[in-house]
Structures are given as C-alpha cells and as structure tokens.
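Below: one structure, written as structure tokens.
All values reported here derive from a predicted model rather than from experimental measurement.
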Amino acid sequence: MKVSIDGILGTAKKINSQRELEENNSNRKKSEIKTDSISIGSRINTRLDAMEAEFKDVQSSLTRNQIIRDGIEQLRADYQKGGQESRAIINNVTFDGKKVLTDFDAEAITSELMEARLENTARRINDDVTRLKRLQVELDNIMASNLVGQDRLQNIMTNIDSIFSRSGMTNIESISSLRPDTVMRLIK
C-alpha cells in the first residue's frame with residue numbers, strides 16, 4: 001500500500017465533502033421539522049378558532065333550550081292550577097328578546113303536548129351537552145400535545161366548565177347516554 005500526499009489530500013477532501021453533505025441534510029431536516037411544526041401549530045390554531053365558535057353556538061343553544069324547558073315547566077304548573085296564566089307565560093318566556101314558546105297555543109295546551117315538548121327539549125339539551133363533552137375531550141387532547149399556548153386552551157376549558165356549573169348539572173354522567181364503565185373498558 002502506497003501512501004502519498006495526493007492520496008491523503010483526496011481522502012481528506014472526500015471526508016470534508018461527506019461531512020458538508022451530512023450537515024446540509026441535517027439543516028434541511030431541521031428546516032423541515034420547523035416547517036411541519038409551524039404547519040401543525042397553524043392547523044391547531046385554526047381548529048381552536050372553530051372550536052371557540054362552536055362553543056359559543058352550543059352555549060347559546062343550551063341556554064335557549066334550558067329557557068324553553070323552564071317555560072314549559074311554568075306552563076305545566078299553571079295547567080295544573082287551571083291554566084289562567086298560560087298566555088302570559090307564553091308571551092314572557094324569551095331568549096335574546098324573542099318569544100321561544102311560539103309553538104304553544106294558550107287555548108290548546110294539553111298535558112300530552114307539554115310532555116312531548118319536554119322530551120324534545122330534553123333531547124336537545126342532551127345533544128348540546130354531548131357536543132360540549134366532545135369539545136372538552138378534544139381540548140384535553142390538544143392540551144396534552146403542548147403545541148399551543150396553554151393560556152388560550154385554559155380559557156376555553158374554563159368557559160366549558162362554567163357552562164356545566166351554571167347549568168346546575170352537577171352530575172354530568174346522569175344526563176349522558178354514555179355508560180362510564182363501558183368508556184373505561186374502551187380506554188383500557
């Protein structure tokens with residue numbers, strides 16, 4: 001084996017060019033990672049914006065449905081007393097300045113009609129609560145990812161928790177069609 005200066009210089013150039021190539025690839029990978037991270041962060045922020053809008057929609061719907069339920073309960077109590085105040089109740093129960101018991105006719109109120117409306121309203125409230133739970137689970141998953149500022153997520157979570165506490169739903173499990181034991185088995 002013959003060692004020459006040209007051979008040593010050629011090997012050194014080869015090693016240097018290989019090292020430069022590896023550094024360039026490393027820099028490209030870092031750049032790609034930063035681009036991916038920015039892209040994911042952007043998507044999460046877009047989803048958070050959509051979730052905030054959905055949260056406001058659910059909050060409005062839940063409040064409206066709870067007002068309707070309360071109005072029907074007032075009509076039921078009045079019906080049991082003879083139904084003298086039903087027209088006033090229908091006119092006074094409002095949400096955002098609009099009457100929400102417009103599908104009731106003061107003269108045609110029956111207990112069957114009220115029961116059917118209460119069941120329908122309970123179903124809508126359950127749907128709203130289910131939507132809120134889905135939002136909360138999705139927010140929990142986003143929080144676990146640590147890809148977005150915790151202040152923004154915490155603000156949305158606080159808003160969802162406040163809806164549950166204001167609505168008087170202390171036992172959320174009792175108004176859901178999900179069974180906790182089934183969910184736990186699925187999680188495991």
Side-chain angles (χ1 to χ4, degrees), residues 43-143 148-184 186-187:
R43 287 180 185 169
I44 289 175
N45 282 328
T46 301
R47 178 60 187 138
L48 284 175
D49 291 339
M51 289 173 76
E52 282 181 313
E54 187 176 349
F55 166 75
K56 289 176 184 174
D57 179 51
V58 171
Q59 184 178 23
S60 176
S61 176
L62 183 60
T63 302
R64 181 179 189 278
N65 289 325
Q66 288 174 325
I67 289 171
I68 290 171
R69 181 185 60 195
D70 183 56
I72 295 171
E73 290 293 340
Q74 289 177 35
L75 283 173
R76 179 193 283 172
D78 180 61
Y79 181 76
Q80 292 173 349
K81 294 178 186 176
Q84 302 301 321
E85 301 295 319
S86 59
R87 187 175 307 280
I89 293 170
I90 290 170
N91 290 329
N92 291 335
V93 176
T94 61
F95 175 72
D96 281 343
K98 298 176 186 171
K99 297 176 187 176
V100 291
L101 296 177
T102 56
D103 55 344
F104 282 100
D105 180 13
E107 286 78 31
I109 293 177
T110 63
S111 60
E112 293 84 19
L113 176 65
M114 286 186 285
E115 287 303 318
R117 296 289 196 271
L118 274 174
E119 286 178 22
N120 190 19
T121 303
R123 192 174 327 107
R124 288 192 310 251
I125 289 172
N126 192 29
D127 290 346
D128 290 339
V129 170
T130 301
R131 287 174 59 195
L132 276 175
K133 286 181 180 182
R134 277 192 216 124
L135 282 172
Q136 191 169 17
V137 168
E138 190 172 352
L139 282 170
D140 287 341
N141 290 337
I142 291 172
M143 284 179 83
V148 168
Q150 295 297 318
D151 293 339
R152 184 171 182 193
L153 291 172
Q154 193 61 40
N155 187 24
I156 296 171
M157 289 296 287
T158 302
N159 288 338
I160 290 175
D161 291 340
S162 72
I163 283 182
F164 286 132
S165 64
R166 279 184 308 186
S167 67
M169 295 179 255
T170 54
N171 188 5
I172 299 300
E173 292 76 22
S174 68
I175 58 175
S176 173
S177 58
L178 295 175
R179 293 191 336 222
D181 57 330
T182 305
V183 173
M184 287 306 292
L186 290 172
I187 290 172

With sequence neighbours excluded, residues passing side chain to side chain contact (heavy atoms under 4.5 Å, CB included) with Ser111:
Tyr79
Could I get the full list of side chain to side chain contact (heavy atoms under 4.5 Å, CB included) partners for Asp128, not counting sequence neighbours?
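Listed in chain order: Val58, Ser61, Leu62, Asn65, Arg131.
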Roughly how far, to the nearest 0.5 Å, is the [atom2] atom of [Y] from the [atom1] atom of [X]?
X	Y	atom1	atom2	value
Leu139	Glu52	CG	CD	9.0 Å
Ile72	Glu119	CD1	CD	10.5 Å
Thr63	Ile68	OG1	CD1	11.0 Å
Met114	Glu112	CE	CD	8.5 Å
Lys56	Gln59	NZ	CD	9.0 Å
Arg76	Leu113	CZ	CG	11.5 Å

Give the minimum heavy-atom separation between Val100 and Ile67, together with the two atoms involved.
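Shortest heavy-atom separation between Val100 and Ile67 comes out as CG2-CG2, 4.1 Å.
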Do you know the tightest heavy-atom contact between Leu135 and Met51?
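Nearest pair, atom of Leu135 first, then Met51: O-CE, 3.5 Å.
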Verdict with supporting geometry, Ile109 and Ile90, side-chain contact (heavy atoms from CB on, under 4.5 Å)
CA-CA 11 Å; Ile109 293 177; Ile90 290 170; 4.1 Å; yes
Do Asn120 and Arg117 pair up side chain to side chain, a donor and an acceptor below 3.5 Å, judged on atom types alone?
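No.
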Side chains of Gln74 and Asp70: do they bring a donor and an acceptor to under 3.5 Å?
yes
For Glu138, give me all partners under salt bridge (Lys or Arg N to Asp or Glu O under 4.0 Å), at least two apart in sequence or on another chain.
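For Glu138, the residues satisfying salt bridge (Lys or Arg N to Asp or Glu O under 4.0 Å) (neighbours in sequence not counted) are Arg47.
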